[in-house]
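Just below is one structure, and these are the notes that go with it.
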Amino acid sequence: MSAKIIDGKQLANTIRQDIKKEVEHLQTKGVTPGLAVILVGDNQASRTYVANKEKACKQLGMKSVLIELPATIDEQTLLTKIVELNNDASIHGILVQLPLPKHISEKKVIETISPEKDVDGFHPINIGRMMTGQDAFLPCTPFGILKMIQSTNIDVTGKHVVVIGRSNIVGKPVGQLFLNENATVTYCHSKTTDLASYTRQADILICAIGKAKFVTEEYVKEGAVVIDVGMSRDENGKLCGDVDFESVQDKSSFITPVPGGVGPMTITMLMYNTLKSAAKEI
Ligand SMILES: Nc1nc2c(c(=O)[nH]1)N[C@@H](CN(C=O)c1ccc(C(=O)N[C@@H](CCC(=O)O)C(=O)O)cc1)CN2
């Protein structure tokens, strides 16, 4: 079997067309969705991701405000900037690009963003709402992964979803999203013993480890869906994911590429969340 590619770019474009129409409708009511992105420091990867967010905003007719701060910025100045944006009626979504410099508490930053403008879905209020199946801003990468699986028309009810990785922005919330969809979820992580004994049980394997090409075919069950959340560079400096694509593609039924898979969907679901926030104004 050669896996079907879940084309994140194509799915993202389809969803963005719908978002663009909704933005145009909101504008007839005098509301233009506004997203504020704060970039602290000069991390090149973060700069690329922020540029993709700005580009998507402009593509969809949304207002995009980029606030660039030096890596030496003190925590209180950053928190004060966030509070200003919380009180700015033209801004419907606020995010601070992660990771942050070590001297700044990500927890304090995330908890300073108004939950009503937390379009990353990282605030404990939104995480709690998601955990209890209430309406919330869903974290963008997990939300995008759910949309990608839904695009395959696979019914996840009772399916065994194995998540490798337990970060607060991907691993933990993506498992919860699939639990909410009635899947059976197993979390694996760096302390898991005999990792392959779990991953080989997965009907849907979600790889969010941060290790280039770590997941090879011996970690994959025949016919599994493989979602690659990784974003690394291989020995030739080429973008790659956590999954060894060549090794795994003949064993899996569906697979997401890197680049062109989860990444564009992350951006798209950020646009979706920003639109959702703005739509509450009418
Ligand atoms: N505040 C946040 N920070 C971070 C988040 C987040 O959701 N909120 N997630 C990741 C990074 N991320 C979003 O910011 C992200 C990563 C990758 C892409 C993407 O478009 N990837 C492309 C390739 C991009 C490239 O050329 O390098 C792809 O996969 O096709 C978008 C967003 C950590 N920080």
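Basis for what follows: all heavy atoms, side chains included, without hydrogens, waters or symmetry-related copies. In this text, all values refer to a predicted model and were calculated from it rather than measured experimentally. Counting convention: from 1, in listed order, for ligands and their atoms alike.
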inquiry  = Distance under 4.0 Å to a non-hydrogen atom of Phe122: what atoms of ligand 1 satisfy this?
reply    = 1 (N), 2 (C), 6 (C), 7 (O), 8 (N)
request  = Please verify whether a non-hydrogen atom of Asp120 lies at under 4.0 Å from ligand 1.
outcome  = yes
query = Does the ring centre of Phe122 sit less than 6.0 Å away from the ring centre of Phe137?
reply = no
request  = Indicate whether the side chain of Lys20 and that of Gln59 have a donor and an acceptor atom separated by less than 3.5 Å.
outcome  = no
query = Are side-chain heavy atoms of Met62 and Thr274 found at a separation under 4.5 Å?
reply = yes
key: ILVMFWY network linking Ile73 to Ile67, side-chain heavy atoms under 4.5 angstrom   = yes
ask   = How close does the nearest protein non-hydrogen atom get to atom 20 (O) of ligand 1, and which residue and atom is it?
value = Asn52 ND2, 3.3 Å
query = Which residues pass the salt bridge (charged side-chain N to carboxylate O under 4.0 Å, His left out) test with Glu75, sequence neighbours left out?
reply = Lys108
Subset of ligand 1 atoms that lie under 4.0 Å from at least one heavy atom of Val96 = 1 (N)
note = Closest to atom 17 (C) of ligand 1 among protein heavy atoms sits Tyr49 CE2, 3.3 Å
message = Please list, in number order, the atoms of ligand 1 under 4.0 Å from a heavy atom of Leu239.
response = 23 (C), 25 (C), 26 (O), 27 (O)
request  = Answer yes or no: is there a side-chain heavy-atom contact under 4.5 Å between Val262 and Asp228?
outcome  = no
inquiry  = Would you say Ile113 ends up clustered with Tyr49 if hydrophobic residues are merged whenever their side chains have heavy atoms under 4.5 Å apart, either directly or through other cluster members?
reply    = no
message = Give me the residue, atom name and distance of the protein heavy atom closest to atom 19 (C) of ligand 1.
response = Gly263 CA, 3.5 Å
request  = Report yes or no: does Lys9 have a heavy atom closer than 4.0 Å to ligand 1?
outcome  = no
Contacting atoms of ligand 1, where contact means under 4.0 angstrom from a heavy atom of Thr48 = 25 (C), 27 (O)
task = May I ask you to list the atoms of ligand 1 that are less than 4.0 angstrom from any heavy atom of Gly260?
result = 28 (C), 29 (O), 30 (O)
ask   = Do any N or O atoms from the side chain of Ser167 and from the backbone of Val170 form a donor-acceptor pair under 3.5 angstrom?
value = yes
inquiry  = Students should be able to answer this: which protein heavy-atom is nearest to atom 4 (C) of ligand 1, and at what distance?
reply    = Gln97 NE2, 3.6 Å
request  = Report the part of Val262 in contact with ligand 1, treating N, CA, C, O as backbone and CB onward as side chain, heavy atoms under 4.0 Å; options are side chain, backbone, both, neither.
outcome  = neither
query = Do Leu138 and Met130 touch side chain to side chain, with heavy atoms closer than 4.5 Å?
reply = yes
task = Check ligand 1 against Leu95 and write out every atom of the ligand that is under 4.0 Å from a heavy-atom position of the residue.
result = 1 (N)
task = On the 0 to 90° scale, with breaks at 30° and 60°, tag the Tyr272-Phe143 ring pair as parallel, tilted or perpendicular.
result = perpendicular
key: For Lys53, atoms of ligand 1 separated by under 4.0 Å from a heavy atom   = 8 (N), 13 (C), 14 (O)
ask   = Side chain or backbone of Cys140 under 4.0 Å from ligand 1, or both, or neither, by non-hydrogen atoms?
value = neither
request  = Report the nearest protein non-hydrogen atom to atom 29 (O) of ligand 1: residue, atom name, distance rounded to 0.1 Å.
outcome  = Met231 CE, 3.3 Å
Check: Phe245 and Ile5 side chains under 4.5 Å, non-hydrogen atoms = yes
task = Would you mind checking which non-hydrogen protein atom is closest to atom 5 (C) of ligand 1, with the distance to 0.1 Å?
result = Ile169 CD1, 4.2 Å
message = Just to be sure I read this right, does ligand 1 sit under 4.0 Å from the backbone of Ile267, its side chain, both, or neither, counting only heavy atoms?
response = side chain
query = Considering only heavy atoms from C-beta outward, does the side chain of Lys4 approach that of Ser253 to under 4.5 Å?
reply = no
message = For atom 3 (N) of ligand 1, what's the nearest protein heavy-atom neighbour? Residue, atom name and distance, please.
response = Leu98 N, 3.1 Å
